[in-house]
Amino acid sequence: MNTNRPWWRLDGFYIYAVLYLTFIYLPVLFLPLFSFNDSKYIAFPLKGFTLKWYEAMINNPPMLSALMNSIKIGLVVAILSTIFGLLAAKAVTRYRMPGRGPVVGFIMIPLVIPEIILGISLLILLNLADIPLSLLTVGFAHLLLCVPFSMLVLVSRMEGFDKSMEEAGLDLGENAWMTFWRVTFPIVLPGIIASLLLTFTISFDEFVLAFFLSSIDQTLPVYIWSSLRFPSKLPSTLALGATIFMASFIVVTFAEWVRRGGVRLDSTSGI
Amino acid sequence: MNNAVTLSETRLKLRKLFLKSEPVRGYTLLSPTLLAMIFGLAMPLVVLFTLSFWLQEYLDFIRTFSLANYLEFFQKPIYVKVLLKSIRISGMVTIATVLLAYPMAYFIAFRVKSNKLIWLILITVPFWTSYLLRVFAWKIMLGYNGVINSGLKSLGFLTEPLAFLLYNPTSVVITLAHAWAAFAILPIYVSLEKIDRSLLEAGRDLGESAWMTFLRVTLPLSLPGVIAASLLVFIPTVGDYVTPSLVGGPRGIMIGNLIQSMFGQSQNWPMGAAISVMSMFTVAAMIGLFLWGTHSYRKRVA
């Protein structure tokens, strides 16, 4: 293979890669563009530059409360699902258990059924059990969706390291808890961080479950959905979208910078 | 006194059992997850299945066993038609996404020598935008006063905007193929990255052309990634509700819209449950068929 080819020498693959990136970036770049456009209609031609939609975004209590709801649910779900995922991953990677395969398969079911079906079956159950819809029910649904993802990430991380390190800890007289804390935890930490980021992202962006299982208190995606139907609300929603995008860009850049600065995260577990 | 001794003895025994028996320890660790999944997954699915055999009467359910919903499912052509259309749309999305993603994943795995991570991040960046806004972006692209129409008009190719770009099954396919692109690239990339490079050199040394080496070594070895990518794209898109509602128009509706309408305007939950059950079985059958097909292909190549 052409190992000495300088990176700027174009070949077919390079051209393809650039076209592909254009395809995935182009539509998304129009969103921030229209958040600076001085018209409430999301259509060409562009009118003029304005920051008024960002001002409207800050002065929009329902949107901000939806944003706060999503952040709260995302944080709680990320922490809980990572704890659940960690316990489950430890169980299936460290102990010989009868029925392990079917049990793992059962936990993974949310990955293989369409979300809308997960949502309506929870809705039916809550309805029959007379449990009112709230942010709690949304959070619970998100937990179900996130645990399999967390478990997948953590199982691959736990399978990667040597079981004998834990045994050494136990042999050297540490109890099980201290062994976990001083041996397992530091090794699994990159997996835990990956799981927290992944589950937060999933919960923060999840729409269908929240749409079926929330009542008056909305999450951000449910708010965005309602704003897609009212053109007057739309530009400030685009402004919020652009702001969140910039914020996550800064967070990821910062995380990458930290990673290069010595706190080595495993790149494969971060994906 | 005696009692206390036996009590502490049994406690000790239990402790010993706990420490000795791996299954007991394993299931203890699993129990929170398992309990949540039983309450939040197994029970709802059982209830969904049960409800599909009930009937709706105004705001109440008639709780006697009936096959009426399933009969309606097969008698009224709309249900089967929309389900088949959803599968066709998702199938096209899956094929398009995987075919478009493969060369990109191949490029990152084999052609990019340094900074692979930067390329992977570059690919995931657009997906940090809200899913809803990403789908909405295609309304801006394809709409009557959208990017493509305005662009073509200003270049002088058009006098009137094209109305057929949006609100049809094709616009649903394009939008979904865009929205799920990263889910296809990453698993394919991982499986390509895992391939032992010496196998490729061996192929070339033994006189195969680059293309034949690809067909007989790289492609079969990357198949697990292709399969994972296909499932990761196919399963969620079959039931997608957002994209057909936003860019599908009346001709682009999918099974998710039908299910939602049964829980919304139509207020017929049992019928919605029956449609869901039928969709789940159909999707499961499709996946089974797909896995069987790829399995026999892999056997033939290997």
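All values reported here derive from a predicted model rather than from experimental measurement. Numbers restart at 1 for each chain; the letters A, B, ... are given by sequence-line order, proteins then strands.
Residue B:Ala284 does not touch chain A at all, counting heavy-atom pairs closer than 4.5 Å. Residue B:Val125 touches chain A through both its backbone and its side chain, counting heavy-atom pairs closer than 4.5 Å. Neither the backbone nor the side chain of B:Ala182 comes within contact range of chain A, judged by heavy atoms closer than 4.5 Å. There is no contact between B:Ile275 and chain A, counting heavy-atom distances below 4.5 Å.
The aromatic rings of B:Tyr241 and A:Phe207 sit parallel to each other, their planes meeting at less than 30°, with 60° as the upper class boundary. Taking the six-membered ring where tryptophan is involved, the planes of A:Phe13 and B:Phe107 are essentially parallel, since the angle between them stays under 30° and well short of 60°.
Taking a 6.0 Å sphere around NZ of B:Lys116, one finds it holds more than 12 heavy atoms contributed by other residues, nucleotides or ligands.
If you take CD1 on A:Ile124 and OG on B:Ser276, they are separated by 7.0 Å, rounding to the nearest 0.5 Å. Here the CG atom belonging to B:Leu30 is positioned 9.5 Å from the CZ atom belonging to A:Arg100, to the nearest 0.5 angstrom. Considering OG1 of B:Thr129 and CG of A:Asp205, their distance stands at 9.0 Å, rounded to 0.5 Å. Taken from CG in B:Leu48 to CD1 in A:Ile120, the straight-line distance is 5.0 Å, to the nearest 0.5 Å. Atom OH of A:Tyr20 and atom CD1 of B:Ile123 lie 6.5 Å apart (nearest 0.5 Å). With values rounded to the nearest 0.5 angstrom, B:Leu133 atom CG is found 12.0 Å from A:Phe245 atom CZ.
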- Please assess A:Phe211 against B:Val242 for the test side-chain contact (heavy atoms from CB on, under 4.5 Å), listing each intermediate value before the final yes or no. CA-CA 11 Å; A:Phe211 179 60; B:Val242 171; over 6 Å; no
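In terms of heavy atoms, B:Met37 sits closest to A:Leu144 at CE-O, 3.4 Å. Taking every heavy atom of both residues into account, B:Pro32 and A:Phe84 meet most closely at O-CE2, 3.7 Å. Scanning both residues, A:Pro27 and B:His178, for their nearest heavy atoms gives CG-NE2, 3.7 Å. Shown here for B:Leu246 and A:Trp225, the closest heavy-atom pair between the two residues is CG-CZ3, 3.9 Å.
In this structure, A:Tyr95 contributes its side chain and B:Leu29 its backbone to no donor-acceptor pair below 3.5 Å. Counting only distance, with no hydrogens or angles, the side chain of B:Tyr131 and the backbone of A:Pro221 share no donor-acceptor pair below 3.5 Å.
Between chain A and the residues B:Ile287, B:Leu51, B:Val147, the most heavy-atom pairs under 4.5 angstrom are made by B:Val147. Interface summary for chain A: among B:Trp119, B:Phe61, B:Phe127, B:Phe39, the most heavy-atom pairs under 4.5 angstrom belong to B:Trp119. Top candidate by heavy-atom pairs under 4.5 Å with chain A, chosen from B:Val47, B:Val112, B:Thr33, is B:Thr33. Chosen from B:Ala36, B:Ser245, B:Pro236, B:Ser130, the residue pairing most often with chain A at heavy-atom distances under 4.5 Å is B:Ser130.
When each of A:Ile224, A:Val222, A:Thr237 is tested with B:Leu132 by the rule side chain to side chain contact (heavy atoms under 4.5 Å, CB included), just one qualifies, namely A:Ile224.
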